[in-house]
*Asks:* 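Quick one: the structure is below, and I'll ask about it shortly.
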Amino acid sequence: MKKWIGATTLSLLCLALPVKAEQYRFTYSKLYYQLKVNQKEGHDDVRMALFFNDSQTGKACQITKAWMEKEEHYEEFTIPSNQELTLPIDDNLKSANPLVYIQTEEGKQCDISMEVIANQRFDGSVSIKELKELAIQMDAMLADIGGMFSSYFMPDVEGITFVFGDTVTEAVKLSNGKDLSLKNGRTTVSLEKYVDDVRILLPAEPLKVTPWLAK
């Protein structure tokens, strides 16, 4: 079964669209207008990314195949280990407006999710100071997404969430001797709780690094 998803269904951060299907179809232009914020200046170290997440666990569904086509033209996408749909942002493609197809795991209910994530790959450790600088750019991107009135309703980025693979089960340690609990492969660092020189000792390279928003 195929599911057509229109532009109005995409959210700023994460929108649940429960669909018991294996294949999703979009027009390229629908995704282009959501992802073109990546072309703006002021947040070079973060980007808006597209995922399909398990509706039960929130973890990324495995994309088994993804491609776009228009008449005789066809291009298949390479999917990275974090399962992001790495769609090119191109004005010529917007004009041609090909169809984009995504196939996910059979029998799994997935939700489409637009997420702000860090561009940088983190391995070993990272300081609170570095994460605070990253949070500033995440705030800037969220402001660009929300538009001129976003400051009235968009919560601030108060922390950073690390998302790990299933093989990571141990607590995340800090250089000050404290631990951060890991739940469902995720741990969140509240930036205001720690001084700049505290370092997070990462047990593995995260699949993605995302903002944690104040409620």
Side-chain angles (χ1 to χ4, degrees), residues 11-15 34-54 57-60 80-86 89 111 113-147 150-215:
S11 71
L12 298 179
L13 291 177
C14 180
L15 175 62
Q34 298 295 325
L35 297 176
K36 69 176 183 176
V37 68
N38 291 333
Q39 297 176 322
K40 292 187 176 183
E41 297 180 353
H43 33 66
D44 296 338
D45 297 324
V46 301
R47 69 182 182 276
M48 181 66 77
L50 174 63
F51 296 92
F52 288 82
N53 292 337
D54 188 314
T57 67
K59 294 183 178 181
S81 58
N82 69 350
Q83 298 302 304
E84 177 186 355
L85 177 62
T86 51
I89 307 303
D111 304 333
S113 175
M114 303 292 292
E115 303 177 24
V116 175
I117 67 172
N119 289 334
Q120 178 182 346
R121 295 179 62 179
F122 293 88
D123 191 16
S125 68
V126 59
S127 71
I128 293 295
K129 182 180 180 181
E130 292 174 284
L131 294 182
K132 286 180 178 179
E133 293 170 352
L134 189 65
I136 291 172
Q137 293 194 38
M138 289 176 169
D139 262 326
M141 172 162 276
L142 291 172
D144 282 344
I145 296 168
S150 64
S151 61
Y152 294 101
F153 62 85
M154 183 68 70
D156 294 328
V157 176
E158 289 196 356
I160 300 294
T161 296
F162 294 91
V163 181
F164 297 97
D166 291 337
T167 58
V168 178
T169 57
E170 60 189 276
V172 177
K173 298 185 180 301
L174 304 180
S175 61
N176 63 2
K178 297 184 180 297
D179 291 346
L180 297 172
S181 61
L182 193 69
K183 184 178 181 180
N184 200 24
R186 297 170 179 260
T187 191
T188 296
V189 183
S190 179
L191 298 177
E192 65 177 9
K193 290 184 177 181
Y194 306 102
V195 297
D196 288 358
D197 62 352
V198 169
R199 300 192 69 83
I200 293 89
L201 310 178
L202 301 171
E205 182 180 332
L207 294 176
K208 56 186 175 183
V209 178
T210 65
W212 176 65
L213 304 180
K215 294 182 179 180

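Bear in mind that the values here come from a model prediction, so they are computed numbers and not experimental data. Numbers here simply count residues along the sequence, with the first being 1.
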*Asks:* Quick one: pull up CG in Leu142 and CD1 in Ile145 and give me the separation to the nearest 0.5 Å.
*Replies:* 5.0 Å
*Asks:* Test side chain to side chain contact (heavy atoms under 4.5 Å, CB included) on Trp212 and Ser190 and set out the steps.
*Replies:* CA-CA 8 Å; Trp212 176 65; Ser190 179; 4.2 Å; yes
*Asks:* Look up atom OG in Ser81 and atom NZ in Lys208, then write down how far apart they are to the nearest 0.5 Å.
*Replies:* 11.5 Å
*Asks:* With side chain to side chain contact (heavy atoms under 4.5 Å, CB included) as the criterion, how do Leu134 and Val209 come out once you've worked through the C-alpha distance, each side chain's angles and the decisive distance to 0.1 Å?
*Replies:* CA-CA 10 Å; Leu134 189 65; Val209 178; 4.2 Å; yes
*Asks:* Hey, are the side chains of Val157 and Leu213 touching, using non-hydrogen atoms and a 4.5 Å cut-off?
*Replies:* yes
*Asks:* Give the minimum heavy-atom separation between Leu201 and Ser125, together with the two atoms involved.
*Replies:* CD2-CB, 3.9 Å
*Asks:* Taking the side chain as C-beta and beyond, is there a heavy-atom pair between Gln34 and Met48 under 4.5 Å?
*Replies:* no
*Asks:* Just verifying a value: how many Å separate Lys36 NZ and Asp144 CG, rounded to the nearest 0.5 Å?
*Replies:* 11.5 Å
*Asks:* Compare every heavy atom of Ile117 with every heavy atom of Asn82, then report the nearest pair and how far apart it is.
*Replies:* ND2-CD1, 4.5 Å
*Asks:* Who are the side-chain hydrogen bond (donor to acceptor under 3.5 Å, both in side chains) partners of Asp196, not counting sequence neighbours?
*Replies:* Lys132
*Asks:* Thr86: which residues meet the side-chain hydrogen bond (donor to acceptor under 3.5 Å, both in side chains) condition with it, sequence neighbours left out?
*Replies:* none
*Asks:* Mind listing the side-chain donor-acceptor pairs of residues 163-177 below 3.5 Å, one per line with the distance, residues two or more places apart or on another chain?
*Replies:*
{"unit_1": "Asp166", "atom_1": "OD1", "unit_2": "Lys59", "atom_2": "NZ", "d": "2.6"}
{"unit_1": "Ser175", "atom_1": "OG", "unit_2": "Arg199", "atom_2": "N", "d": "2.8"}
{"unit_1": "Asn176", "atom_1": "OD1", "unit_2": "Lys178", "atom_2": "N", "d": "3.1"}

*Asks:* Identify, with sequence neighbours excluded, every residue that meets side-chain hydrogen bond (donor to acceptor under 3.5 Å, both in side chains) alongside Glu130.
*Replies:* Ser127
*Asks:* Give the minimum heavy-atom separation between Leu191 and Ile128, together with the two atoms involved.
*Replies:* O-CG2, 4.2 Å
*Asks:* Does the side chain of Asn53 come under 3.5 Å of the side chain of Glu115 through a donor N or O and an acceptor N or O?
*Replies:* yes
*Asks:* Using the salt bridge (Lys or Arg N to Asp or Glu O under 4.0 Å) rule, collect all pairs that involve residues 38-53, keeping only residues at least two apart or in two chains.
*Replies:* Arg47-Glu84
*Asks:* Can you give me the closest heavy-atom contact between Gly42 and Ala140, atom names plus distance?
*Replies:* O-CB, 4.0 Å
*Asks:* Between Met141 and Asn38, is any pair of side-chain heavy atoms under 4.5 Å apart?
*Replies:* yes
*Asks:* Begin from the C-alpha positions of Thr210 and Val116 and carry the test side chain to side chain contact (heavy atoms under 4.5 Å, CB included) through to its verdict.
*Replies:* CA-CA 6 Å; Thr210 65; Val116 175; over 6 Å; no
*Asks:* Might you point out which heavy atoms bring Ala60 and Gln83 nearest each other, and give the distance in Å?
*Replies:* CB-CB, 3.9 Å
*Asks:* Working to the nearest 0.5 angstrom, can you tell me the gap between Leu180 CG and Arg186 CZ?
*Replies:* 15.0 Å
*Asks:* Listed by chain and number, what are the salt bridge (Lys or Arg N to Asp or Glu O under 4.0 Å) partners of Glu133, not counting sequence neighbours?
*Replies:* none
*Asks:* Is there a side chain to side chain contact (heavy atoms under 4.5 Å, CB included) between Val189 and Phe162? Walk through the geometry before answering.
*Replies:* CA-CA 8 Å; Val189 183; Phe162 294 91; 3.8 Å; yes
*Asks:* So do Leu202 and Asp123 actually touch side chain to side chain, heavy atoms under 4.5 Å?
*Replies:* no
